[in-house]
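Notes to accompany the following structure.
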Amino acid sequence: MPIIETRGIHKIYPNGVHANDDIDFAVEQGEIHALVGENGAGKSTLMKMIYGLEHATSGQVFIRDQAVQIGNPQDAIEQGIGMVHQNFMLVDSFTVAQNIILNRETKQGMQIDFQQAVADTESLSREYGLAVNPNARIEDIPVGMRQRVEILKALYRGAEILILDEPTAVLTPSETQDLFAAIRNLVEGGKTVIFITHKLKEVIEISDRVTVMRDARKIGTVETAQTSERELARMMVGREVFMQVDRPGVERGASVLQVADLTYADASGHQLLKQVNFHVYEREILGIAGVEGNGQTELAEVLTGLRPPTTGEAFINNEQILGRGPRSVREHQVAHIPEDRLTNGVALTSSIEDNLIIDRYYREPFTRRGTLDINAIVDNGASLIREFNIIAPNGAIPVNALSGGNMQKVVVARELSSSPKLLIAAQPTRGVDIGAIEFIHQELVDQRTQGLAILLISADLQEVMKLSDRIMVMYEGEIVGIFPNDESLTEERIGYFMLGAEVQPAEEMERYA
């Protein structure tokens, strides 16, 4: 008998979008059950209904074969369901113990018994192998410990079923292994875990069974031991997906981007970039690894003109580009795939055709004698839609009608069709499906092989390792290591630098910069 089950779940939003279509989903007690699918497949919607954040149009949730009504998260908690969201829900100024007991405080008279809170936290921490410092403030602890706090918070509230939403998205390899050890401890202690992820390698490593969703429907549930990454990818996408990237060896060319002593401080004076020095060369991908929030976003935005530097210089083929604004940077043949495509990448209500010329509409062939050439714009759109395999009925439809993967292909098509010398690609496959990831990865490598210099910034260490010729690690706004990406370099070694546990000797860093 499943510990939790959904039967015939439908979810139709007021705009007519069918997010879940007749979903039967069952999880056995004491198992680690992975839930996978492309963005928009409906897996998050299903989990939100189990946790009371969404409500089904029709269908029913059962716990131990008993129908239950889950109207809100409090109902879910009372039913023994806990959910750890990808974006943590913690009070930064509170301690670990204060967050764990929040709204469930033990009191001594009229006062909260903080000593008991610390004792309860330490007891839970020992029981489940989730090491935390009860007295540390959330704002002062690393991402991996914050996640452990979220899990302990759910356990403190009596969770028997834990839903973990993309739990490894911001973890280093060593933190991921620590999390997996903790998950196994939880299951050995009688808990049940639903593990939502897009990392199929991790699915194979950690789960007992896998349910695959596609286009709002359940495609199937399989025993993990009897499947493979390739088979799961095929179920997710509906066709064969090749997980490898063909990255031929090439000799790098001349230095295209030179960054010297670059610093950036925010309005409060907090230094987010500290004396950053590196080069990017023709025919190479320089990947930046690091836990999010360690200066990568600021580096990309300073180099592309979206933020002014505090001090330092950056040159494209010996021409200074800093502090001149985005258009000036683009006119120096710098292309940019921004990490937040919805804010900085596309104009959502404008057509695909217009988005593809948004940075060059004022130049020929798109403007002649001060007038837009509509035929040239339409022809350009049709050509790039074919070349980059953008799935759309035509180029006149608005970008917000596209899937996340096809929206990202519009950004990639625009940037790579600008004849750049340097591409700054920040999180180029974030929030896109496996098929689009496969296409974008190969396109980046092909462009590199043809001569483009690429600075790749990604929170996905597997992506950095797969694509890069050299890897630069950032920690707290500093470069702590630069390595050639050869067979001797492992994710585990990179992970130590990402945590700030190691710093490369200066002479070695200089040699590889």
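In what follows, residues are counted from 1 in the order of the sequence shown.
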Between the side chains of R157 and E78, is the shortest nitrogen-to-carboxylate-oxygen separation below 4.0 Å, so that they form an ion pair? no

Any salt bridge between R239 and E438, counting N to O under 4.0 Å? yes

Within the distance-only criterion (no hydrogens, no angle test), does the side chain of E175 pair as donor or acceptor with the backbone N or O of T172 below 3.5 angstrom? yes

Taking R414 for the side chain and G345 for the main chain, is one N or O donor matched with an acceptor at less than 3.5 Å? yes

Looking only at atom types and distance, does a side-chain atom of K191 sit under 3.5 Å from a main-chain N or O of I161, one as donor and one as acceptor? no

Within the distance-only criterion (no hydrogens, no angle test), does the side chain of K409 pair as donor or acceptor with the backbone N or O of N389 below 3.5 angstrom? yes

Determine whether the side chains of H33 and T211 contain a donor N or O and an acceptor N or O closer than 3.5 Å. yes

May I ask you to decide if the ring planes of F439 and F388 are parallel, tilted or perpendicular, using 30° and 60° as cut-offs? perpendicular

Look at the side chain of E415 and the backbone N and O of V412, then say whether any donor-acceptor pair between them is shorter than 3.5 Å. no

Is any NZ, NE, NH1 or NH2 atom of the basic residue among D21 and R217 found under 4.0 Å from an Asp or Glu carboxylate oxygen of the other? yes

Do we see a donor-acceptor contact under 3.5 Å between the side chains of T429 and E463? yes

Between R430 and D460 (salt bridge meaning N to carboxylate O under 4.0 Å), is one present in this structure? no

Distance to the ring centre below 6.0 angstrom and angle to the axis at most 45 degrees; does that hold for R470 and Y512? no

P420 and side-chain contact (heavy atoms from CB on, under 4.5 Å): which single residue from V256, V334, L452 fits? L452

Report yes if the side chains of I194 and F25 come closer than 4.5 Å at any heavy-atom pair, otherwise no. yes

Check this for me: does any side-chain nitrogen of one of R252 and E282 sit under 4.0 Å from a carboxylate oxygen of the other? no

Look up atom CZ in R64 and atom CD in E5, then write down how far apart they are to the nearest 0.5 Å. 13.0 Å

Is there a donor-acceptor contact under 3.5 Å from the side chain of N20 to the main chain of G42? yes

Assess whether a salt bridge exists between K218 and D22, defined as any Lys/Arg side-chain N lying under 4.0 Å from an Asp/Glu carboxylate O. no

Under a 3.5 Å cutoff, is there a donor and acceptor pairing between the side chains of T297 and E339? yes

Would R7 and D65 satisfy salt bridge (Lys or Arg N to Asp or Glu O under 4.0 Å), going step by step from the backbone distance to the final call? CA-CA 11 Å; R7 299 178 191 169; D65 211 30; 2.7 Å; yes

Are D208 and R184 ion-paired here, with the side-chain N under 4.0 Å from a carboxylate O? no

Hey, are K199 and E166 close enough for a salt bridge, meaning a charged N less than 4.0 Å from a carboxylate O? no

N294 side chain to V291 backbone, donor-acceptor under 3.5 Å: yes

Give a yes-or-no answer on whether the side chains of T168 and T176 include a donor-acceptor pair shorter than 3.5 Å. no

Any side-chain donor near an acceptor of the partner, E301 and Q296, under 3.5 Å: no

So, are E54 and K11 salt-bridged, with charged N and O less than 4.0 Å apart? yes

Salt bridge present between E150 and K153 (N-O < 4.0 angstrom): yes

Hey, mind stepping through Y13 and H18 against ring pair (Phe, Tyr, Trp, His ring centres under 6.0 Å) and telling me if it holds? CA-CA 7 Å; Y13 287 104; H18 211 144; 9.9 Å; no

Lys/Arg cation over aromatic F88: R146, 6.0 Å, 45° cone: no

Check whether the side chains of Q442 and D446 place a donor and an acceptor atom closer than 3.5 Å, and report yes or no. yes

NZ/NE/NH1/NH2 to OD/OE distance under 4.0 Å, E491 and R493: no

